[in-house]
Number of protein chains: 2
Amino acid sequence: MSDAPPTLPETALDRLLELTLTVQDDMTSGLSALGLTESRTHLLWVIAAGGPQTQQALAATLGVSPRNVTGLVDGLVAGGFVTREPHPTDRRATLVTPTPHGAEVIAGLVAGRRTLADQLFGDHPAAELERLVGDLAALTARLRRLVEEASP
Amino acid sequence: MSDAPPTLPETALDRLLELTLTVQDDMTSGLSALGLTESRTHLLWVIAAGGPQTQQALAATLGVSPRNVTGLVDGLVAGGFVTREPHPTDRRATLVTPTPHGAEVIAGLVAGRRTLADQLFGDHPAAELERLVGDLAALTARLRRLVEEASP
DNA sequence: GCAAATCGTGAAGCATCTACATGATGTAGT
DNA sequence: ACTACATCATGTAGATGCTTCACGATTTGC
């Protein structure tokens with residue numbers, strides 16, 4: 001097929017996409033060993049950060065439909081990671097609450113995150129790391145702006 | 001929940017994950033407008049790069065099961081992006097071949113990739129870009145090594 | 001030739017996601 | 001208080017992406 005040599009910006013984008021895929025792989029492979037999937041882990045992580053929440057709140061935070069949260073919570077309940085507790089004041093709602101086992105797994109995830117971060121970035125000089133953080137943040141912000149402009 | 005302030009490496013990892021998710025969003029939103037999904041686009045991209053191929057070859061390149069490729073090609077055929085042509089020498093195999101419309105879409109994807117790359121990186125000085133490319137490549141290589149060590 | 005490997009796909013199943021409909025409950029307005 | 005309307009979770013139905021196992025149709029190696 002017609003092969004123009006990739007420009008430098010194209011190379012950068014390709015590397016970025018490659019890294020994206022690799023990060024994805026790394027996450028999922030580590031998670032499946034714990035009996036977790038990526039989506040369910042994301043939900044568990046949100047609960048870890050924000051405490052027991054209604055499924056509506058989780059849906060808003062995760063950016064998915066409330067119906068989908070029902071399914072994700074079903075899976076986490078089946079795995080013994082969380083329970084559905086009655087909401088103290090609203091009988092329509094349930095509070096998705098980590099079990100002791102779920103809390104253990106969350107602690108493991110937090111520790112794993114730190115370990116991975118150290119393995120990846122631990123030996124970088126602080127100045128260089130801050131520059132990288134700034135680069136990544138700037139890229140993210142720019143991408144978000146592009147997405148919003150495309151679909152207003 | 002217990003909130004230790006994130007370390008600098010943790011911040012870097014968080015930014016990386018954030019960027020990963022944003023890239024994902026950007027890709028899928030642009031693609032759905034074309035009637036494509038990410039997986040099917042990935043397959044189309046491989047065909048664009050390597051020409052008409054058997055489904056076995058596509059499965060190997062994509063890293064998925066041959067059975068899955070059957071489904072992806074089904075979708076692309078239904079959308080008029082590709083056809084299944086008989087293999088010239090092996091009557092068991094089919095050559096997944098882009099239609100004229102599929103070729104157009106591929107050309108659009110190539111152009112879109114360049115546009116996005118320029119929007120994201122076009123105004124970075126070349127030296128800085130090369131440094132970023134190096135950083136991203138090094139991160140990818142390191143991650144891959146970690147994945148392989150974890151599951152040999 | 002004949003047995004073994006290969007190609008594509010049917011069948012069955014799981015996970016993520018969607019939109020729409022429904023019952024139960026909460027809230028606000030009159 | 002009673003009626004509307006909004007909200008919470010979930011049943012139903014369907015699209016997509018992925019897997020493994022089984023099977024018929026070939027090709028290939030000996």
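Chain naming here is simple, since letters A, B, ... match the order of the sequence lines and numbering starts at 1 in each.
For Ser65(A), whose side chain is taken as the heavy atoms from C-beta onward, the closest listed nucleotide among dT20(D), dT18(C), dG17(D) is dT18(C). Among dA15(C), dC7(C), dG17(D), the nucleotide with an atom closest to any side-chain atom of Asn68(B) is dG17(D). Here the nucleotide nearest the side chain of Leu72(B), chosen from dG8(C), dG17(D), dC17(C), is dG17(D). Set against dT19(D), dG17(D), dT16(C), the side chain of Val64(B) has dT19(D) as its closest nucleotide.
Inspection of the Glu85(B) and Thr83(B) side chains reveals an N or O donor paired with an N or O acceptor under 3.5 Å. With hydrogens and angles left out, the side-chain atoms of Thr7(A) and Glu10(A) include a donor and acceptor closer than 3.5 Å. With 3.5 Å as the limit, one finds a donor-acceptor pair spanning the side chains of Gln55(B) and Thr70(B).
When the C1' atom of dC18(D) is taken as reference, atom CD of Gln24(A) falls 14 Å away, rounded to whole Å. Taking atom CG of residue Asp25(B) and atom P of nucleotide dC17(C), one finds them 11 Å apart after rounding to whole Å. His42(A) places its NE2 atom 15 Å from the C1' atom of dC17(C), with the value rounded to the nearest Å. Remark: C1' of dT9(C) and CG of Leu58(B) are 15 Å apart, rounded to the nearest angstrom. Taking atom CD of Gln53(A) as the reference point, atom C1' of dA9(D) lies 16 Å away to the nearest angstrom. Protein atom CG of Leu62(B) is 13 Å distant from nucleotide atom P of dG8(C), rounded to whole Å. The distance from atom CZ of Arg84(A) to atom P of dC8(D) is 15 Å, rounded to the nearest whole Å. The distance between atom CD of Glu38(A) and atom P of dC18(D), rounded to the nearest whole Å, is 13 Å.
When every heavy atom of Pro98(A) is checked against every heavy atom of Ile47(A), the shortest pair comes out as CD-CG2, 3.6 Å. The two residues Arg40(B) and Leu72(B) have their closest heavy-atom pair at CD-O, 3.7 Å.
Near DNA chain C, meaning a heavy atom under 4.0 Å from it, residues 85-94 of chain B has Arg92(B), Ala93(B), Thr94(B) in order of number.
A salt bridge between Asp118(B) and Arg114(B) is absent, with no side-chain N of the basic residue lying under 4.0 Å from a carboxylate O of the acidic one. Contact check on Asp14(A) versus Arg113(B) returns a salt bridge, with a Lys/Arg side-chain nitrogen under 4.0 Å from an Asp/Glu carboxylate oxygen.
The phosphate of dC8(D) (OP1 or OP2) has no side-chain N or O of Gln55(A) nearer than 4.0 angstrom.
Taking 3.5 Å as the limit, the base of dG8(C) and the side chain of Arg67(B) contain no donor-acceptor pair of atoms between them.
Within the nucleic acid shown, Ser39(A) comes within 4.0 Å of sugar-phosphate atoms alone, with no base atom in reach, counting heavy atoms only.
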